[in-house]
Participant: 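Sharing a structure below in structure tokens format, with a few things to ask.
A note on names: the letters A, B, ... follow the listed sequences, proteins ahead of strands, and every chain is numbered from 1.
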Amino acid sequence: MNEDLIEKPEDESRRSFLVNLSLGLSYFSAAVAGIPVLAAIFAPLIEKTPKLWRKVGEVDSFQVGTTNLVTFENANPEKWSGTTASSAAWLRRDATDKFTAFAVNCTHLGCPVRWEADAHLFMCPCHGGVYYKDGSVAAGPPPKALVQYPVRINKKDIEIQTSPIPITNISA
Amino acid sequence: MKTLKKIWNWIDDRSGFTEMFMPLMKHPVPADSKWSYVFGSATLFCLVLQVITGIALSLLYQPSSAEAYQSLEFITNEAAFGNVLRGIHYFGASGMIIMVSIHMIQVYITAAYKFPREMGWVSGVILFFMTIAMGFTGQLLRWDSNGVWSAVVGAEQMGRIPFIGKWAARLLLGGDTIGSHTLGRFYSYHVFILPAIIFLLVAYHLTLLIINGISEPPKVGRLVDPKTYRQWYKEMLVEKGIPFWPYAAWRDIIFGAATIIAIIILAIWIGPPELTTPPNVTYLNTNPSPDWYMLSIFSLFALMPPQIESYMIVIGPALSIIFLLSLPFISNKGERHPIRRPWAVFGSICVIIFVFSLFLLGEESTWSPKFDAKPLTSVSIHSTDPLVINGATLFYKKGCLFCHQIDKQGGLKGPDLSDLALRLTAEDITIRILNGGPDMPAYGGTLSKTELTAIVAFLSSRKFKK
Ligand code: FES
């Protein structure tokens with residue numbers, strides 16, 4: 001056997017230093033490269049979506065007792081959002097100075113509910129969820145009432161606050 | 001000739017082709033593994049087809065929320081063979097889901113997951129779910145109204161996960177609402193992330209196949225004993241094994257090629273699913289429904305009792321995944337033949353019947369209101385009494401017809417009311433309309449007295465079914 005290959009104590013510590021150095025360097029480079037990658041993955045959780053009031057029409061254009069579809073621009077659309085830049089809501093004028101805005105998403109699995117004006121009911125095409133005009137559940141699988149968006153009267157205008165798609169949680 | 005041979009020998013020697021691939025091609029397999037072994041490889045054939053057609057589609061597709069729909073119209077109507085390409089990718093996905101399901105059921109029924117092939121099963125189960133996930137994300141990339149609402153439905157399911165549901169939903173959609181980032185994310189899931197996982201797992205799945213060998217057809221009374229199995233299998237191969245290529249592989253190739261030809265024929269003959277309306281979240285007159293392979297789950301959502309549904313959306317999939325993954329650890333030895341494992345056969349048949357009936361129910365979707373029902377006409381009113389006629393008009397206007405049938409017209413959600421007067425008195429009818437029922441809205445708050453009288457008069461006139 002070659003004399004040189006017999007381990008000497010100082011070799012041992014030098015080797016383990018080099019091994020640790022190489023491992024440490026690879027962890028470090030992986031971590032540094034990983035930060036922007038993780039940031040891209042978790043961007044939707046990191047970025048705060050602003051809440052903005054959007055005009056959806058003039059107060060006078062809605063009759064008392066009616067429910068109408070209104071649309072408004074989302075809080076942070078991009079140039080490439082296209083038709084997905086906007087959201088919709090069902091706006092009900094309960095009284096002269098009282099408005100309610102319902103999310104269009106069924107609380108069951110999020111499908112778009114339709115307002116059937118003559119029947120005074122919201123109906124969901126997906127699994128047959130039905131809601132009364134005040135958003136409470138009338139029939140079908142939905143576990144809770146339609147979610148409401150913040151709405152306010154600003155002088156002559158009626159405004160809705162941009163809000164997330166309502167996500168129903170497990171205990172609903 | 002001689003020089004050519006020499007050149008080839010040099011290439012082969014230095015490139016290592018023979019050395020790398022011959023042992024794989026020639027590895028011995030049990031001689032009696034015949035036509036029932038073709039479904040796994042057919043799944044692989046479909047996967048390759050999906051990768052190739054997927055790459056071709058990606059050359060034509062625009063993964064941007066604003067433009068994806070237009071690029072789909074372009075692929076469908078303008079690009080050379082674009083429509084066929086979409087069709088192949090669609091039927092290829094369908095074929096892959098069918099083949100992987102058959103493969104999985106077969107491995108279960110013949111207990112091929114037992115020792116030493118536990119990890120083959122585990123990787124296969126994950127691959128099965130990845131295939132479903134590819135189907136879901138793929139139909140969404142069509143980015144028509146169905147695609148957009150599928151994304152919302154997916155997010156709602158995520159939302160049911162305890163504690164982190166809201167965040168999971170947000171991550172899936174790439175934000176609070178459907179928007180610019182949603183499609184980009186789903187494109188990445190469908191084109192990069194899921195395929196990367198699938199490639200790794202397929203490589204692993206196939207490597208295991210070489211290491212552990214393909215499972216021999218089961219025989220009644222021949223038990224798997226982890227202590228002796230490997231030795232026995234080796235000896236069996238020496239005695240009765242045949243090289244995979246070409247003596248076993250020809251069946252795989254014939255069946256795989258037939259599958260692909262069938263897919264192409266369907267693609268030309270039937271074509272891809274039609275695009276629904278553009279991805280406009282503010283246009284609500286749509287009736288979202290998933291591609292066929294998601295239809296059973298869709299029905300399950302409609303039919304589960306609402307009280308437990310939110311829990312079942314989480315617990316159901318979690319339990320089935322846990323059950324499937326732990327299966328080879330619960331039982332990894334003993335009998336393999338289906339005749340000796342009647343419960344496995346029975347269970348599989350139950351699952352197949354269950355999924356298939358849900359599918360048929362989903363085709364009908366009786367739970368959905370029939371929004372396109374037409375007003376009743378004199379043909380089905382059978383009366384000249386103005387009150388009854390008025391009642392029939394109201395029956396349509398108030399949405400009753402969306403859920404109830406009169407003479408074969410109307411929805412199927414509630415009972416057929418063609419001959420209601422035979423079952424209920426006018427008084428009972430009134431009470432039912434005013435108070436509603438377990439799955440019917442109460443109309444007490446919305447009908448005027450005259451409207452109610454008219455509807456009751458109409459329903460009381462219903463004495464026979466056509
Ligand atoms: S999503 Fe509305 S009933 Fe299921």
Participant: What part of B:Val314 is in contact with chain A, defined as an atom under 4.5 angstrom from a non-hydrogen atom: side chain, backbone, both or neither?
Facilitator: side chain
Participant: So does B:Arg432 have more than 12 non-hydrogen atoms from other groups sitting under 6.0 Å from CZ?
Facilitator: no
Participant: Ignoring hydrogens, what is the shortest heavy-atom contact between B:Thr286 and A:Arg114? Give both atom names and the distance.
Facilitator: O-NH2, 3.3 Å
Participant: At a 4.5 Å cut-off on heavy atoms, which part of A:Thr107 comes close to chain B: side chain, backbone, both, or neither?
Facilitator: backbone
Participant: Please state whether the side chain, the backbone, both or neither of A:Ala40 comes within less than 4.5 Å of a heavy atom of chain B.
Facilitator: backbone
Participant: Does some side-chain heavy atom of B:Thr182 sit less than 4.5 Å from a side-chain heavy atom of A:Thr84?
Facilitator: no
Participant: Let me check something: any side-chain donor-acceptor pairs from residues 440-449 of chain B under 3.5 Å, sequence neighbours excluded? List them with distances.
Facilitator:
from, atom 1, to, atom 2, distance (Å)
B:Tyr443, OH, B:Lys398, O, 3.1
B:Thr446, OG1, B:Tyr443, O, 3.3
B:Ser448, OG, B:Thr450, OG1, 3.2
B:Ser448, OG, B:Glu451, N, 3.2
B:Ser448, OG, B:Glu451, OE1, 3.4

Participant: Which answer fits A:Pro141, side chain, backbone, both or neither, if we ask what part of it has an atom under 4.5 Å from a heavy atom of chain B?
Facilitator: both
Participant: In the structure I gave you, are the side-chain heavy atoms of B:Trp149 and A:Asn105 within less than 4.5 Å of one another anywhere?
Facilitator: yes
Participant: Non-hydrogen atoms of chain B under 4.5 Å away: do they reach the side chain of A:Tyr131, the backbone, both or neither?
Facilitator: neither
Participant: Does any heavy atom of chain A fall under 4.5 Å from the side chain of B:Phe402, the backbone, both, or neither of them?
Facilitator: side chain
Participant: Looking only at heavy atoms and a cut-off of under 4.5 Å, which of B:Gln307, B:Lys166, B:Arg170 has the most pairs with chain A?
Facilitator: B:Arg170
Participant: Which distance, rounded to the nearest 0.5 Å, do you find between the OH of B:Tyr69 and the OG1 of A:Thr83?
Facilitator: 10.0 Å
Participant: Does A:Trp80 offer a backbone N or O that forms a donor-acceptor pair with the side chain of B:Ser180 under 3.5 Å?
Facilitator: no
Participant: So what's closer than 4.5 Å to chain B heavy atoms on A:Val113: side chain, backbone, both or neither?
Facilitator: backbone
Participant: Contact part of B:Ser299 toward chain A, heavy-atom cut-off under 4.5 Å: side chain, backbone, both or neither?
Facilitator: neither
Participant: For the candidates B:Ser64, B:Gly165, B:Gly179, which exhibits the highest count of non-hydrogen atom pairs separated by less than 4.5 Å from chain A?
Facilitator: B:Gly179
Participant: Given heavy-atom pairs under 4.5 angstrom as the criterion, report whether the side chain, backbone, both or neither of B:Ala155 touches chain A.
Facilitator: both
Participant: Shorter than 4.5 Å, heavy atoms on both sides: which option in B:Gly399, B:Cys400, B:Pro279, B:Ser289 has the most such pairs with chain A?
Facilitator: B:Pro279
Participant: Give, as side chain, backbone, both or neither, the part of A:Pro142 having an atom under 4.5 angstrom from any heavy atom of chain B.
Facilitator: neither
Participant: Looking at A:Thr168, A:Thr49, A:Val104, which has the largest count of heavy-atom pairs under 4.5 Å with chain B?
Facilitator: A:Thr168
Participant: For B:Pro288 and A:Pro112, which heavy atoms make the closest approach, and how far apart are they?
Facilitator: CG-CD, 4.0 Å
Participant: Counting heavy-atom pairs under 4.5 Å to chain B, which of A:Ala85, A:Ser87, A:Ala75 comes out on top?
Facilitator: A:Ser87
Participant: Shorter than 4.5 Å, heavy atoms on both sides: which option in A:Thr71, A:Leu45, A:Leu69 has the most such pairs with chain B?
Facilitator: A:Leu45
Participant: Please check if atom NZ in A:Lys144 has more than 12 non-hydrogen atoms from other residues, nucleotides or ligands closer than 6.0 Å.
Facilitator: yes
Participant: Going by heavy atoms in the side chains, are B:Arg160 and A:Asn169 under 4.5 Å from each other?
Facilitator: no
Participant: Which one of A:Ile167, A:Val137, A:Leu121 has the most heavy-atom pairs closer than 4.5 Å to chain B?
Facilitator: A:Ile167
Participant: In terms of heavy-atom pairs under 4.5 Å with chain B, which of A:Gly128, A:Ala88, A:Ala138, A:Gly82 leads?
Facilitator: A:Gly128
Participant: Of the non-hydrogen atoms in A:Asn74 and B:Ile178, which two are nearest, and what is the gap between them?
Facilitator: ND2-O, 3.7 Å
Participant: Do B:Cys403 and A:Met123 have side-chain heavy atoms sitting under 4.5 Å apart?
Facilitator: no
Participant: Does any backbone or side-chain atom of B:Thr177 lie under 4.5 Å from a heavy atom of chain A? Answer side chain, backbone, both or neither.
Facilitator: both
Participant: When rounded to the nearest 0.5 angstrom, what is the spacing between NE2 in A:His127 and CE in B:Met304?
Facilitator: 9.5 Å
Participant: Listed by chain and number, what are the disulfide (SG to SG under 2.5 Å) partners of A:Cys126, not counting sequence neighbours?
Facilitator: A:Cys111
Participant: Considering only heavy atoms and a distance below 4.5 Å, find which of B:Leu183, B:Thr366, B:Val153, B:Val148 pairs most often with chain A.
Facilitator: B:Val153
Participant: For a quick test of reading the model, state the closest non-hydrogen atom pair linking A:Gly110 to B:Glu156 and the distance between them.
Facilitator: N-CG, 3.7 Å
Participant: Looking only at non-hydrogen atoms, find the nearest pair between B:Lys413 and A:Ala139 and report the distance.
Facilitator: NZ-CB, 4.3 Å
Participant: Look at A:Ile41, A:Val130, A:Asn76 and state which one has the largest set of heavy-atom pairs under 4.5 Å with chain B.
Facilitator: A:Ile41
Participant: Less than 4.5 Å apart, side chain to side chain, heavy atoms only: is that true for A:Leu109 and B:Ile313?
Facilitator: yes
Participant: Taking atom NZ of A:Lys156 as the centre, does the number of heavy atoms from other residues, nucleotides or ligands within less than 6.0 Å exceed 12?
Facilitator: no
Participant: Would you mind checking which part of B:Ile161 comes under 4.5 Å of any heavy atom in chain A, side chain (CB onward), backbone (N, CA, C, O), both or neither?
Facilitator: neither
Participant: Checking B:Trp167 against chain A: side chain, backbone, both or neither under 4.5 Å from a heavy atom?
Facilitator: both
Participant: Are B:Leu284 and A:Trp90 close enough that some pair of their side-chain heavy atoms sits under 4.5 Å apart?
Facilitator: yes
Participant: For A:Phe42 and B:Arg185, which heavy atoms make the closest approach, and how far apart are they?
Facilitator: N-NH2, 4.4 Å
Participant: Please flag which part of A:Glu116 lies under 4.5 Å from any non-hydrogen atom of chain B: side chain, backbone, both or neither.
Facilitator: side chain
